[in-house]
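These notes concern the structure reproduced below.
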Amino acid sequence: MEQAMPTIPSDLIGAEAHSPLTGSPLVLVEAGDALPAGGVIVAVDRAGALPMLDPADYDAMVTTRADAPAPWVRIAPDRLDAQLAAVRATAAQSPIATAMLARVLRLGEGLEFEAALELESLAYSTLLGGAEFARWLAAAPHGESGAQAADPVRYDRADDHVTLTLASPGNRNAMTAAMRDALYEALANVLEDPSLPSLTLRGEGRCFSTGGDLPEFGTARDLAAAHVIRTQRSCGRLLHRLGSRAATHLHGACIGSGIEVPAAAARRTGAPDLIVQLPELRMGLIPGAGGTVSLARAIGRHRLLWLTLGAFRIGAGQAFDWGLIHSIEP
């Protein structure tokens, strides 16, 4: 039997359309109401009652309950309306990217790690050719992001342990093509080393990495080739293959690919000043450096979608509570 469309309070919802081609795909549903037929469905539990819901029915679940377990996202009552407004704005600005992210997260949940990376990259290349990214790119600043170090990744070995350091603080360890290639080669060397050393990945300077280098966005002309390069040169894939041998220590800003890549390591620690943010949806894109896989496996697809929808920032405490990092260390 088809379920009736829910009656959504006008002060909560506004007028979201369900089709990503004609309007926002976002559907905010009061927790416990009947489910809609489609859309990116977010359960909203204003009362903090934590009703018994099947997470498989939802793309995100938010509540005001202080001790809410996964996959719920806890939001203070006085901040709920502002955060709902933020996710509505993002979904209205980038409806196709929003719908695609929700679908990639659902499909990727049932795939092996590397197959899910392929799915993410195909979706990412599709969006690179879309109007939402083109609009963002036309309005984006095109200035220099800072000086790129000549050798952006430093390799140090002591006994059976290797430390790789992102060593380009002049541009806040931005994940430029040069940084990605240097990191990929260093990780490949560790992975293929017959002595099987353990690994710690760190960042030099004020932060671990602010992610993709803005001047490089939109420079790919062959999006099919970009997909091949993105998957064949995936640093997240190599970190995942290292298994229990790999650890990362995060500090300062970890933005976009600056958190997507290190999240693939088996052991993750964070400094007290850690800040995590995923701004891709506001650019008409989805996380494209492995984040729909690495982060979804760390914190769950529901919390990941919510973070990306609002480009919300979380600190070390919340990252620890959610399992993104395993401990907070100076």
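Residue numbers count from 1 along this sequence.
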I want to check something: taking the side chain as every heavy atom from C-beta on, are Asp59 and Leu105 in contact at a cut-off of under 4.5 Å?
no
Leu201 with Val276, same ILVMFWY side-chain cluster at under 4.5 Å
yes
Please tell me whether Leu309 and Ile275 are part of a single hydrophobic cluster in this structure, the criterion being side-chain heavy atoms less than 4.5 Å apart.
no
Are Asp45 and Arg65 ion-paired here, with the side-chain N under 4.0 Å from a carboxylate O?
no
Answer whether the closest heavy-atom distance between the side chains of Glu280 and Glu260 falls below 4.5 Å.
yes
Any side-chain heavy-atom pair from Leu199 and Leu242 closer than 4.5 angstrom?
yes
So does Arg282 pair up with Glu132, basic N to acidic O under 4.0 Å?
no
Do Thr231 and Leu117 come close enough that some side-chain heavy atom pair is under 4.5 Å?
no
Once ring pair (Phe, Tyr, Trp, His ring centres under 6.0 Å) is applied, what residue pairs with a partner in residues 262-316 remain, sequence neighbours excluded?
Trp306-Phe312
Non-neighbouring partners of Thr163 that pass side-chain hydrogen bond (donor to acceptor under 3.5 Å, both in side chains), sequence neighbours left out:
none
List for me each residue that meets salt bridge (Lys or Arg N to Asp or Glu O under 4.0 Å) alongside Asp156, sequence neighbours excluded, and say none if there are none.
Arg154
Contacts of Arg241 meeting salt bridge (Lys or Arg N to Asp or Glu O under 4.0 Å) (sequence neighbours excluded), chain-then-number -> Glu114
Could you report the tightest heavy-atom contact between Pro25 and Ala91, atom names first, then the distance?
CD-O, 3.9 Å
Throw together a table of side-chain donor-acceptor distances under 3.5 angstrom for residues 250-257, partners on residues two or more places apart or in other chains.
unit_1, atom_1, unit_2, atom_2, d
His251, NE2, Gly205, O, 2.8
His251, NE2, Cys207, N, 3.3
Ser257, OG, Gly212, N, 3.2

Could you pull out all residues at least two apart from Asp160 that satisfy salt bridge (Lys or Arg N to Asp or Glu O under 4.0 Å)?
Arg157
Mind checking whether Ser198 and Val190 have side chains closer than 4.5 Å, heavy atoms only?
no
